[in-house]
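Every value quoted in this text rests on a predicted model; they were computed, and no experiment measured them. Heavy-atom basis, side chains included; hydrogens, waters and symmetry copies ignored. All chains are named by letter (A, B, ...) in the order of the sequence lines, taking the proteins before the strands, and each is independently numbered beginning at 1.
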Amino acid sequence: MTAPAYPHRHLLGIEPLEASHIQAVLDTAEALREVLDRPIKKVPALRGKTVVNLFYEASTRTRASFEIAEKVLSADSLSIATSTSSVQKGETLLDTAKNLEAMNPDMIVLRHSASGAAHFLARHCRSAIVNAGDGAHEHPTQALLDALTLRQRKGRLEGLRVAIVGDVLHSRVARSNLWLLTKMGAKVTLCAPPTLMPPGIETLAPTTSRIEEAVEGADAIMMLRIQQERMTGGYFPTLREYHARFGLTEERVRLAKKDVLILHPGPMNRGVEIASEVADGPYSVILDQVTNGVAVRMAVLYLLLGGAEAA
Amino acid sequence: MAPPAPFRERQELMDADRLSRTLSRMAHEILERHPDIRGTVLVGVRTRGVPLARRLAARMKEASGFEPPVGALDITLYRDDLTTVGPQPVLKGTDIPTSIDGRTVVLVDDVLFTGRTVRAALDELIDFGRPARIELAVLVDRGHRELPIHAVLLLERVAGPRPRTPARKRRRRR
Amino acid sequence: MTDRLLLKGGRVIDPGRSVDADLDLLLVDGEVAELETRVAARGAEVIDVSGLVVCPGFIDLHTHLRQPGREDKETIATGTRAAAAGGFTAVCAMPNTEPVNDQAGITRAILEAAAREGAVRVWPIGAITRGSKGEELAEYGDMREAGCVAVSDDGRPVASARMMRRALEYAKGFDLTVIDHCEEPTLAQGASMNEGAVATMLGLRGAPGAGEAIMVERDVLLAELTGGKLHIAHASTAASVDAVRRGKARGVRVTAEATPQHLLLTDELVRTSEYDTSTKMNPPLRAEEDRQGLIQGLRDGAVDCIATDHAPHTVDDKKVEYDAAAFGVVGLETAVALCLDRLVAAGLISLGRLIELLSTRPAAILGLPGGTLAPGAAADVTVLDLSRRHKVDPARFHSKSRNTPFGGWTLKGAPALTIVGGRVAWGHGR
């Protein structure tokens, strides 16, 4: 028997994965993408498997994407969002998970505001755990779908120059993308006002507070969302100055390669981190990202739930 | 780790020359059965059925001047043992280049054995549309069918050992 | 009837009096009676301690006994049993109970419970401010008279420099030491670990080490200004140790403690343990440079003593998401063994220095009885077995709580016998 291409029981983050594991997810997603173009978008692969989507933070996109992936693969799925669950009655994450376990789900997809929440569930539950975003830690499926999009458009990841720009401090997307791209041989530059650059990150990738420097010669620019409350938190003085100094404008895009791709995990703040002309410009790959999002999540479901249970 | 497969003597069923001749014969047979060649689609079952389907299509072009479209079917997602096999099988992807609605689909594979692969392939094909007819072309029939399936176009019949599926698993499927 | 206990054949180390020799120790009626090469039993109970090390009883300057108010986490009975089993003959009880020990009545209640149920001596520490709210001074005079040995708002740093100044000044009048938990609150806001590369990778909010050092610097300057006695609780950064070192060089009355967890672990453990909440404490586990700075402090005297910051918590307080988990680890039952194995056996400090750090200095800092085996001193004795190997098993703790990052560690060297007031409070295998 050959070693499995993705030898982990969970997907808790990109950081513990090896390049070959990332490759396996991307290749599987590529093979599965075709299912989404069929007249009948459903295959029986995961019939009889149960998946619970446990979302403690609002997230239309990620949740919808997981739900579609589950349905396409014929898994039985159940979504629980904070507003409708007993979370507000003071039930702890552990209690909720233990109650769900009585239903014996094969997988729990967790979105939570606390970093490490997915690790916590993995430690205390029997189900396979997929991290759909935990605090400022990781959002692995977002990074995988970004990578799939980049690979489709550029034919490779190795050697690509990628700028990640914006609120790196609070961004799990930035962390997952940084791990993934670095492991796959891309050259990442991080850009943020120094107040939004997490301490010690320079040990992982070059950093700059000049956006011009970051985007120069870039094959791709990943923009991170700026949350309005960061301004009141004292990280920068005004949204106006943020846009003026760190926003992605047409002029700045011109410093990048001609065929630069611009990725944004959404939802965008036009006129803050990104100018409208850029958001609506020819570099946008937003629609690809939606399809790839479903394909990547199908791949993760398939790799974690297809095949016999790991011993 | 699964125990190593019991040693079995290799049996050469067909040399290159013979394969080439029989493919030509098969191509002609398809053309005879389906004079409206433009309504025919060849679909190879991954992995070995795909190059066979391609060669078959080339022979059909030689004989008729028209090369029918060739598709590739990865039946992994339709396998009835997907969640009991060892690690996840690697997905190669399905590619059906044209609509199969109302057409004749010739499903091509190298070996017909238990019939389970063909069952999965039929289910998958039908999710792509409603073909007028589906036929099955294989090089070798090893016998020991577990499902009511037979090939229309067949080149060799070979008596071989029974499938190695553990009895426990087969019972579960019933 | 008199209580007579003779410890025979041990190696006696009393750093305060530069004693390190094979001697017999006779304890009579709660006091050290004789320390000689050979002491005749003369009707005393004899314990053969040959092959073991006999030292003045260990004193923990920093224990959370949780009683009154949080008896679900620990009680005076269970906490002092844990202390005895860990080789401590006395513990100083931090005042952040519910209610806070900010008045004589509460101090007396603690002492009464300790007299009734305590396995070792309990020295209460009173609050610096009422309710530890940082607003008004607590009644130091009354608390001193009731039995408090120091004041501290541990867990709630004294944010106002003016309040700290008043505390240092006022405490002088009652010869009380002010123990400060140094943490600049705005820099530590929302943090659950040390700020740095590890926190960044884990996506956890970090408290910078500078937030501690700022307050240590401030407190040292205020101690210098007022002439008050200052003790820095659980120093965790190299910069804090340095601030104390410079203060001492100027003659400021400042002392400092470090905990085994900060001496032995770094923030890297939060990552390798995958968010195990038993690595969450305040101050947080710091970087390797800080850990080295603390060890340097032990060696050169900038750090005066080792204290546990024994902080018991229930499973429910810890078995939650990292951000939501309570700060703190238990330490009474692991501290001595950890120090023997990882500091002494590792060659970082001598055995004599360790005994100084755990007994002589803590007694001197707060002026407590003990810390010496001079005839006439309190008969508080800790006996160590340097060769006993054991595995840390939290399930066998005497403490009510199990929140330790050291579970499963194999250690060489452990307490063998704890004697309080001339009576055996705990003995290995007894």
- Part of R172(A) within contact of chain C (heavy atom distance under 4.5 Å): neither
- Structural part of L204(A) lying under 4.5 Å from a heavy atom of chain C: side chain
- OG-CE distance between S115(A) and M193(C), expressed to the nearest 0.5 angstrom: 10.5 Å
- Message: At a heavy-atom distance under 4.5 Å, which candidate from A136(A), P199(A), G135(A), G200(A) has the highest pair count against chain C?
- Response: P199(A)
- Query: So with a 6.0 Å cut-off around NZ of K133(C), is the heavy-atom count from everything else above 12?
  - Reply: no
- R246(C) atom CZ: more than 12 heavy-atom contacts under 6.0 Å: yes
- Message: Nearest 0.5 Å, please: how far is CG in L121(A) from CD in E321(C)?
- Response: 8.5 Å
- Query: So does R161(A) have more than 12 non-hydrogen atoms from other groups sitting under 6.0 Å from CZ?
  - Reply: no
- Task: Could you tell me the separation between the CG atom of D323(C) and the CZ atom of F120(A), rounded to the nearest 0.5 Å?
- Result: 12.0 Å
- Note on the structure: On a heavy-atom basis, the closest approach of D134(A) and Y275(C) is OD2-OH, 4.3 Å
- Tell me, with the steps shown, if R175(A) and T200(C) meet side-chain contact (heavy atoms from CB on, under 4.5 Å). CA-CA 9 Å; R175(A) 284 170 180 73; T200(C) 290; 4.1 Å; yes
- Closest approach of R123(A) to E274(C) (non-hydrogen atoms, all atoms of both residues): NH2-O, 2.6 Å
- Query: Taking the side chain as C-beta and beyond, is there a heavy-atom pair between E138(A) and M201(C) under 4.5 Å?
  - Reply: no
- Just how far is it from atom CD of E15(A) to atom CG of L202(C), taken to the nearest 0.5 Å? 8.0 Å
